[in-house]
Amino acid sequence: MDYKSSLIQDGNPMENLEKQLICPICLEMFTKPVVILPCQHNLCRKCANDIFQAANPYWTGRGSSVSMSGGRFRCPTCRHEVIMDRHGVYGLQRNLLVENIIDIYKQECSSRPLQKGSHPMCKEHEDEKINIYCLTCEVPTCSMCKVFGVHKACEVAPLQSVFQGQKIELNNCISMLVAGNDRVQTIITQLEDSCRVTKENSHQVKEELSQKFDTLYAILDEKKSELLQRITQEQEEKLSFIEALIQQYQEQLDKSTKLVETAIQSLDEPGGATFLLTAKQLIKSIVEASKGCQLGKTEQGFENMDFFTLNLEHIADALRAIDFGTGKDEEEEEFIEEEDQEEEGSTEGKEEGHQ
């Protein structure tokens, strides 16, 4: 009996109840047994098993002697993924409450009279029900259309047989589409995993690259400090030497200045005897002082720092040439060239020895 045909009024409680009892796969009322998924959605066990078999083609099925770990199942309503055990769909719990509601609903529908107009009627023959299917035109029609109407020369078949065949075909298409959706979802999941792994790998190589450049910065800072220290040391040594000379010359200048002052005072002495007592020694001291300084001097260019000049163009070029995969390739090429040169040298030596 077609239980849907007995519900025609919008907002009818029984019709609303029927909508809640429709399987999302076969689009028919749930058939026993009804299984309940962990996400709380219900399916006919046969429909659920068809989807599971399509998504897991290598699963051996119930009653097989081969022990399987199960498979993956995705709810067609909410796309929630369920990991099945080795029992597959048969391991899911039955929803006895829904099954009891279906029984009560069917009993209620069977006790209600069939309402007029609930069965589709032919548009050409208003009193005739649509009860056959025209295979030629691929449309449902009535017996009068076959006998006297437009489908007189057409090939027809019982409506119920075509209905069952179309239902099975649609069910298979739904199962195939659901399985295809599962495969697409699997690809999406794989691509999402690929995105995640790509981000993780990128973060890792960025960290490694940053560490290597930090090492280069540390080496440059260390070398910079070392060279600056050498310049500072040279500067301090030269300044110390110059300052010592300045001190020596300053002491000599002070002595000469005092000697001049003493000589001027002697010239102002009126007494000849007093003047002569110190004049001879004073003259001798002045002569010795005027002969010239015997202290050390700096050589020409002593203050230059030109020998601390660096030529870093080749290093700058090497830094600019830094790129991924260049270091190992260059080392391998140099190693190969050295080996080739050694082999050529040994070959030439052997040939000369034979000659």
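The first residue in the sequence is number 1, and the count goes up from there.
- Side chain of N49 to backbone of R45: no donor-acceptor contact under 3.5 angstrom is found.
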Would L310 and L227 count as a side-chain contact (heavy atoms from CB on, under 4.5 Å) here? Give the steps. CA-CA 10 Å; L310 285 180; L227 297 180; 3.4 Å; yes
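- Follow the hydrophobic side-chain contacts under 4.5 Å out from V139 and you never reach V156; the two are in separate clusters.
- Taking all atoms of both residues into account, the shortest heavy-atom contact from A157 to V162 is CB-CG2, 3.9 Å.
- The residues D317 and R320 are annotated as salt-bridged, a charged nitrogen and a carboxylate oxygen being separated by less than 4.0 angstrom.
- Between K206 atom NZ and Q204 atom CD the span is 13.0 Å, to the nearest 0.5 Å.
- Crowding of E222 atom CD: a count of heavy atoms from other residues, nucleotides or ligands under 6.0 Å not exceeding 12.
- Under a hydrophobic-cluster definition in which Ile, Leu, Val, Met, Phe, Trp and Tyr are linked whenever side-chain heavy atoms come within less than 4.5 Å, directly or via other members, L239 and M305 are assigned to different clusters.
- Within a 6.0 Å radius of CD in E303, more than 12 heavy atoms belonging to other residues, nucleotides or ligands are found.
- When all heavy atoms of Q20 and F30 are compared, the pair lying nearest together is O-CE1, 4.0 Å.
- Within 6.0 Å of the NZ atom in K46, the count of heavy atoms belonging to other residues, nucleotides or ligands does not exceed 12.
- Residue pairs satisfying the salt bridge (Lys or Arg N to Asp or Glu O under 4.0 Å) criterion with at least one member in residues 157-175, sequence neighbours excluded, are listed as follows: E28-K167.
- Using a 4.0 Å cut-off between a side-chain N of Lys or Arg and a carboxylate O of Asp or Glu, D254 and K258 do not qualify as a salt bridge.
- Taking every heavy atom of both residues into account, C142 and I132 meet most closely at O-CD1, 3.3 Å.
- Shown here are the salt bridge (Lys or Arg N to Asp or Glu O under 4.0 Å) partners of D182, two or more places apart in sequence or in another chain: R74, R79.
- Within the structure, ring-ring contact (aromatic ring centres under 6.0 Å, His included) pairs that include any residue of residues 195-227 do not occur (at least two apart or interchain).
- Crowding of Q300 atom CD: a count of heavy atoms from other residues, nucleotides or ligands under 6.0 Å not exceeding 12.
- Distance check: E243 CD to L245 CG gives 10.5 Å after rounding to the nearest 0.5 Å.
- In this structure, the separation between CZ on F308 and CD on Q235 is 10.0 Å, given to the nearest 0.5 Å.
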Is there a side-chain contact (heavy atoms from CB on, under 4.5 Å) between L259 and L282? Walk through the geometry before answering. CA-CA 8 Å; L259 186 59; L282 185 60; 3.5 Å; yes
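- If you take CG on D50 and CG on N172, they are separated by 7.5 Å, rounding to the nearest 0.5 Å.
- With hydrophobic clusters built from ILVMFWY side chains whose heavy atoms lie under 4.5 angstrom apart, I286 does not share a cluster with I283.
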Before you tell me yes or no, could you show the steps for Y133 and H151 under side-chain contact (heavy atoms from CB on, under 4.5 Å), namely the whole-Å CA-CA distance, both residues' side-chain angles and the distance that decides it to 0.1 Å? CA-CA 10 Å; Y133 187 83; H151 301 289; over 6 Å; no
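- Shown here are the salt bridge (Lys or Arg N to Asp or Glu O under 4.0 Å) partners of E99, two or more places apart in sequence or in another chain: R94.
- L319 and F324 fall within the same hydrophobic cluster, defined by Ile, Leu, Val, Met, Phe, Trp and Tyr side-chain heavy atoms under 4.5 Å apart, directly or through other members.
- Among residues two or more places apart in sequence or in another chain, the side-chain contact (heavy atoms from CB on, under 4.5 Å) test is passed with T77 by P24, H41, C75.
- Following chains of ILVMFWY side-chain contacts shorter than 4.5 Å, one can reach I315 starting from I322, so the two form part of one hydrophobic cluster.
- Distance CG/L37 to CZ/F73: 5.5 Å, rounded to 0.5 Å.
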Side chain to side chain donor-acceptor pair (under 3.5 Å) evaluation trace for E251 with Q247: CA-CA 6 Å; E251 291 176 355; Q247 181 66 26; 3.3 Å; yes
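- Residue-environment remark: CD (E155) stays at or below the threshold of 12 foreign heavy atoms within 6.0 Å.
- Every residue meeting the salt bridge (Lys or Arg N to Asp or Glu O under 4.0 Å) condition with E200, not counting sequence neighbours, appears here in chain and number order: R196.
- Put simply, the side chain of I102 reaches to within 4.5 Å of the side chain of M29, judged on heavy atoms.
- A distance-only check finds no donor-acceptor pair linking the side chain of S194 to the backbone of Q190 [under 3.5 Å].
- The two atoms that bring T31 and C44 nearest to each other are N-SG, 3.3 Å, heavy atoms only.
- For the atom pair CG (N181) and CD (Q185), the distance works out to 9.0 Å, reported to the nearest 0.5 Å.
- Side chain of K238 to main chain of N304: a donor-acceptor pair is present (N/O by atom type, distance under 3.5 Å, no hydrogens or angles).
- At most 12 non-hydrogen atoms from other residues, nucleotides or ligands lie less than 6.0 angstrom from CD of E138.
- Looking at heavy atoms from C-beta onward, L135 lies out of side-chain contact with C154 at the 4.5 angstrom threshold.
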Decide side-chain contact (heavy atoms from CB on, under 4.5 Å) for S285 and Q281; before the verdict, give the C-alpha distance in whole Å, the side-chain angles of both, and the deciding distance to 0.1 Å. CA-CA 6 Å; S285 298; Q281 182 61 37; 3.8 Å; yes
